[in-house]
**Q** 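So that we are looking at the same thing, I have put the structure below in structure tokens.
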Number of protein chains: 4
Amino acid sequence: MQLGMVGLGRMGGNIVRRLLRNGHTAVVYDENPAAVTALAGETGAVGAGSLEEFVQRLDAPRTAWVMVPAGDPTEATVMRLAELMQPGDTIIDGGNSFYKDDIRRAQVLDAKGLHYVDVGTSGGVWGLDRGYCMMIGGHKEAVDRLDPIFSTLAPGLGEVPRTQGRGDRDDRAERGYIHAGPSGAGHFVKMIHNGIEYGLMQAYAEGFDILRHANSPELPEAQRFDLDLADIAEVWRRGSVVSSWLLDLTAAALATDERLDGFSGHVADSGEGRWTLNAAIEEAVPAHVLSAALYARFRSRQQATYADKLLSAMRKGFGGHQEPK
Amino acid sequence: MQLGMVGLGRMGGNIVRRLLRNGHTAVVYDENPAAVTALAGETGAVGAGSLEEFVQRLDAPRTAWVMVPAGDPTEATVMRLAELMQPGDTIIDGGNSFYKDDIRRAQVLDAKGLHYVDVGTSGGVWGLDRGYCMMIGGHKEAVDRLDPIFSTLAPGLGEVPRTQGRGDRDDRAERGYIHAGPSGAGHFVKMIHNGIEYGLMQAYAEGFDILRHANSPELPEAQRFDLDLADIAEVWRRGSVVSSWLLDLTAAALATDERLDGFSGHVADSGEGRWTLNAAIEEAVPAHVLSAALYARFRSRQQATYADKLLSAMRKGFGGHQEPK
Amino acid sequence: MQLGMVGLGRMGGNIVRRLLRNGHTAVVYDENPAAVTALAGETGAVGAGSLEEFVQRLDAPRTAWVMVPAGDPTEATVMRLAELMQPGDTIIDGGNSFYKDDIRRAQVLDAKGLHYVDVGTSGGVWGLDRGYCMMIGGHKEAVDRLDPIFSTLAPGLGEVPRTQGRGDRDDRAERGYIHAGPSGAGHFVKMIHNGIEYGLMQAYAEGFDILRHANSPELPEAQRFDLDLADIAEVWRRGSVVSSWLLDLTAAALATDERLDGFSGHVADSGEGRWTLNAAIEEAVPAHVLSAALYARFRSRQQATYADKLLSAMRKGFGGHQEPK
Amino acid sequence: MQLGMVGLGRMGGNIVRRLLRNGHTAVVYDENPAAVTALAGETGAVGAGSLEEFVQRLDAPRTAWVMVPAGDPTEATVMRLAELMQPGDTIIDGGNSFYKDDIRRAQVLDAKGLHYVDVGTSGGVWGLDRGYCMMIGGHKEAVDRLDPIFSTLAPGLGEVPRTQGRGDRDDRAERGYIHAGPSGAGHFVKMIHNGIEYGLMQAYAEGFDILRHANSPELPEAQRFDLDLADIAEVWRRGSVVSSWLLDLTAAALATDERLDGFSGHVADSGEGRWTLNAAIEEAVPAHVLSAALYARFRSRQQATYADKLLSAMRKGFGGHQEPK
């Protein structure tokens with residue numbers, strides 16, 4: 001099946017490669033001509049020098065997967081494609097868009113007879129080989145038509161043991177992709193995925209921080225332990241309740257840099273973690289852990305916060321210059 | 001190698017069984033004679049009718065694994081065994097003891113020439129087949145002598161991919177057990193394991209709760225989604241960043257009871273989750289996520305808390321009878 | 001000075017009354033004619049039977065204070081007034097609007113030569129006598145012109161001790177009102193005020209909850225206390241670090257209903273608490289306490305959450321039917 | 001009435017001074033002879049050169065108030081006094097002891113016929129003039145006998161408005177002191193007081209931090225505000241729901257140093273905040289806010305935590321070298 005790809009960064013490029021390797025064809029475009037040239041040389045891929053040419057080279061009904069940075073670049077690309085494409089064509093937003101933007105765009109495109117499909121993908125740099133876990137939103141008609149693409153990109157059953165009791169449930173979930181619902185549903189589910197990811201990561205981070213400080217001089221000497229954190233991460237990978245892919249990554253990192261001296265401690269966050277909390281607040285669902293995980297990242301990027309200084313100012317106020325209490 | 005086991009509940013019984021299946025022998029005792037009879041019938045196992053007989057039947061240097069409920073029962077059993085056993089013998093506490101109790105007991109036993117080894121185990125009902133992930137504290141001499149036991153009980157390398165870069169690190173971690181440090185270290189590491197477990201579980205719980213309420217009437221109608229949570233859990237098992245054993249369990253539960261009507265919502269907690277926070281506080285390590293996870297369980301067992309009522313009382317105070325704000 | 005008031009509920013009505021008592025005059029309107037009649041009978045007040053008549057009865061430059069429910073009613077009233085009023089007139093939104101709505105409306109009104117002033121007020125039912133604490137956003141010109149109104153409505157210096165060191169800072173703050181900044185700034189500051197309020201309330205609520213459970217059967221008998229919470233709240237009112245108006249209200253509530261049996265435990269929340277978190281997230285400022293306070297209210301209105309049930313489901317998965325760990 | 005005071009630091013010294021000013025007498029002792037000399041010069045005070053002399057100079061039944069640092073110094077002083085004093089005498093621990101230590105000590109003293117009274121005090125440097133808010137634990141007999149002392153030290157009704165509806169409740173609470181319960185109850189209540197104090201402070205701190213960042217470059221330019229935080233703190237002091245003594249202190253601090261440049265951001269914490277959480281955990285009471293407040297202080301004293309570095313390590317693991325997501 002033919003797919004058009006706009007945006008040939010690592011994600012977009014590897015998605016095309018995984019499709020080509022499995023017999024699909026692609027028309028590719030990127031603002032950077034070198035990226036187009038690099039990929040257009042592979043069997044089954046055709047390059048385009050402009051968005052107009054890109055659309056012309058696609059066979060109707062056309063499918064254009066947009067894989068450019070979320071926010072303004074995605075907005076501009078989707079809206080420009082919407083002008084160039086024909087009724088019955090489909091635009092896929094495979095980036096990390098905000099689901100309310102998907103809902104809005106889908107309405108705009110719907111009025112033009114175009115389909116809009118949002119695909120949240122997890123897998124990152126590992127996807128080319130492992131496959132991409134995909135959460136898809138959009139009209140059933142469009143999503144079903146594109147099934148050969150999604151089926152190829154997905155990890156498939158692999159060596160992961162089957163879940164008992166699924167009966168005749170939709171088997172796409174087992175193969176690593178789902179049609180989550182109407183436009184926006186794909187990115188909504190992906191957003192929550194990332195919110196959970198933040199929480200999981202913070203749970204490990206706090207636990208290992210406590211292990212790390214088990215020899216703190218604040219503790220009575222007889223109650224201190226010098227623990228080997230690399231071995232602890234490793235041992236939990238087998239037979240323990242906390243085994244996970246994130247733990248695998250932790251074990252790998254600690255195996256070669258147990259003190260984590262290679263990191264500054266500044267941790268970035270992306271839109272999904274923030275939007276997850278906005279969604280929780282809108283739904284009135286308590287989200288203590290997911291919030292705390294995000295706030296820890298905010299805090300990691302600051303020193304000497306105004307909040308902390310204000311605590312000291314109050315303490316000075318009621319306790320005098322020496323701050324006794 | 002011969003092991004004595006006191007306490008033949010599911011955990012103790014299955015530990016013995018896994019040893020017997022692999023050529024070890026056992027002397028077994030339980031307050032309940034039926035439990036002794038049941039196990040003593042298996043090849044390699046010998047039963048005892050009393051703690052005294054139990055000790056007599058063991059060959060020196062004796063090893064007695066205590067697998068009875070944490071707290072008073074463990075304390076009483078360990079102390080009684082300490083009276084019956086001889087210098088050079090070893091007592092293993094395989095339950096969920098508080099690590100400071102381990103440190104204290106080890107000192108008592110040390111004065112008698114006895115070894116004390118604390119073993120934190122994860123794996124529960126799955127251990128007989130999957131093996132037990134073990135975190136061990138105690139003197140090197142005693143832990144090394146018992147290696148044939150631990151090596152058999154552990155999961156082994158299994159099908160879990162090897163971690164790159166471990167080089168010549170202790171290979172016991174890869175096989176599913178570690179000698180974490182002196183007495184108490186085993187239960188300390190197991191305690192943090194459970195604290196992390198609480199945090200991981202709560203991260204999933206909050207995320208799925210937000211997904212569940214994505215069709216909340218609090219939301220604008222155009223922004224609601226009816227999501228299939230069973231399929232979402234399933235799809236994340238393949239290729240996503242949040243895959244884990246806990247997610248596998250979640251997917252299995254949701255496959256047959258997506259609404260989770262089979263559960264009351266009351267969630268128990270055990271000592272380890274609480275002790276983890278005590279340790280964090282003693283070490284002055286922030287543990288927002290692990291705390292929130294524990295508190296969610298506390299809250300799950302209450303209705304109409306006094307705290308909530310006090311909020312309402314204040315609101316009435318400043319807002320008048322109709323509580324407007 | 002003359003003020004027009006649209007919306008004669010408790011807040012709007014009392015604001016007018018406080019102005020009338022101090023020599024100002026008012027034109028008043030409400031959808032409910034009875035509310036107009038009730039207030040129009042007081043010296044200095046004139047009623048209107050429609051928004052059109054309301055505007056006609058005001059002297060130029062007109063000032064219309066809108067005190068109707070936030071959201072759609074305020075939006076509709078402001079926009080209708082914007083059609084009826086003349087360049088140089090001012091519309092005040094005294095409700096609990098979202099500050100981004102203020103910013104938007106101010107732009108719309110500005111294009112028509114109208115002023116838009118947003119006033120966040122704290123004080124509620126107590127304001128008629130104590131005065132209203134006001135945080136004001138808008139053009140300096142409009143805010144300055146209305147100073148006689150704000151000065152009268154504000155509490156004034158009262159018996160509150162002066163803050164040392166303010167030097168020649170703006171004395172309006174001491175008298176209970178500030179010009180916080182351009183349109184939206186008033187409601188922004190009021191929003192954060194409410195966010196803090198949530199946090200303060202929750203701090204007291206948790207503390208008293210711990211006091212309340214000091215005789216919990218979970219505790220060793222020798223460490224239980226039966227505490228008199230009404231006396232504790234009262235004693236902290238004098239000389240302690242935690243004295244506050246909220247504590248005064250707590251003491252009053254507990255004096256007559258120490259067990260708080262008069263409350264269900266369900267606690268409402270308003271937009272400001274939620275928007276405060278949205279603002280924190282947008283600014284990347286950690287807000288653990290303010291979040292936790294809001295989530296406690298969300299949780300208070302639920303029983304047996306899906307999140308809690310999912311924890312149980314996982315526990316069953318790894319622990320077997322009896323959920324042992 | 002005569003009181004013996006051991007420990008003449010600011011707290012102990014000022015307590016004696018407040019008593020002397022109101023006609024009581026005192027025998028005073030401190031390890032530092034200069035402190036004894038300084039105070040013994042005041043009318044009604046007698047100095048002692050040793051603990052033995054201190055006890056000899058007291059009239060039976062003796063009352064010794066211990067006001068030395070919590071922990072080992074208090075323990076040693078109380079135990080030494082217990083050896084020197086006679087049945088019927090009373091030892092007061094006025095410091096910040098852990099309530100479980102009070103319970104233990106009371107049992108030891110009880111066996112000797114001595115009374116043990118624990119007094120938690122709030123008021124710090126302001127107590128000499130404002131009076132001390134006291135929470136008292138111990139036998140009714142001893143507490144009642146010492147009422148003249150407590151009554152004098154307490155703030156009294158002052159200018160604080162009376163709480164309606166207290167009826168015939170114990171009027172000591174209104175005058176600023178309570179007999180909270182048996183030994184330990186005084187420090188238990190004081191402990192929770194401090195836990196609440198942490199929560200209140202953090203609520204203000206977070207709120208002002210959000211106000212401070214309202215002009216963050218992360219925000220759209222049209223939605224930024226440059227706020228005057230000193231004026232905001234001041235305006236809330238009059239008529240608002242969040243008025244409190246801590247807000248008074250905040251307003252005073254910001255009046256002269258709005259940017260709080262005089263503070264490093266490192267915030268200390270004391271035992272009470274930690275013990276409050278331990279108590280909450282023992283009672284199974286959720287304490288999200290009080291925990292978060294303590295953890296914020298822990299975090300304020302660190303840079304580049306191990307937890308944060310581990311997050312980065314995981315991010316690198318799943319996102320590749322460039323850490324894209």
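Quick note on labels: first sequence line is chain A, next is B, and so on, each numbered from 1.
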**Q** Side chain, backbone, both or neither: which part of D:Leu310 has a heavy atom under 4.5 Å from chain A?
**A** both

**Q** Determine the option with the most heavy-atom pairs under 4.5 angstrom with chain D, choosing from A:Leu254, A:Leu260, A:Thr250, A:Leu246.
**A** A:Leu260

**Q** Select one option (side chain, backbone, both, neither) describing which atoms of A:Ser264 are under 4.5 Å from chain D's heavy atoms.
**A** backbone

**Q** Any idea which of D:Gly265, D:Ala296, D:Gly9 has the most non-hydrogen atom pairs under 4.5 angstrom with chain A?
**A** D:Gly265

**Q** Just checking, A:Arg130 and A:Trp245: is the charged tip under 6.0 Å from the six-membered ring centre and within 45° of the axis?
**A** yes

**Q** Answer whether the closest heavy-atom distance between the side chains of D:Glu206 and A:Tyr295 falls below 4.5 Å.
**A** no

**Q** Check each atom of D:Leu229 against the heavy atoms of chain A and say whether the ones under 4.5 Å are side chain, backbone, both or neither.
**A** side chain

**Q** State whether A:Arg212 and A:Asp226 are salt-bridged, where the test is any N-O pair (Lys NZ or Arg NE/NH1/NH2 against Asp/Glu carboxylate O) under 4.0 Å.
**A** no

**Q** Taking the basic N atoms (NZ, or NE/NH1/NH2) and the acidic carboxylate oxygens, is any pair closer than 4.0 Å for D:Glu197 and D:Lys190?
**A** no

**Q** For the CD atom of A:Glu272 and the CD1 atom of A:Ile196, what is their distance to the nearest 0.5 Å?
**A** 13.0 Å

**Q** What residue in D:Ala292, D:Ala253, D:Ser122, D:Ser300 has the most heavy-atom pairs under 4.5 Å with chain A?
**A** D:Ser300

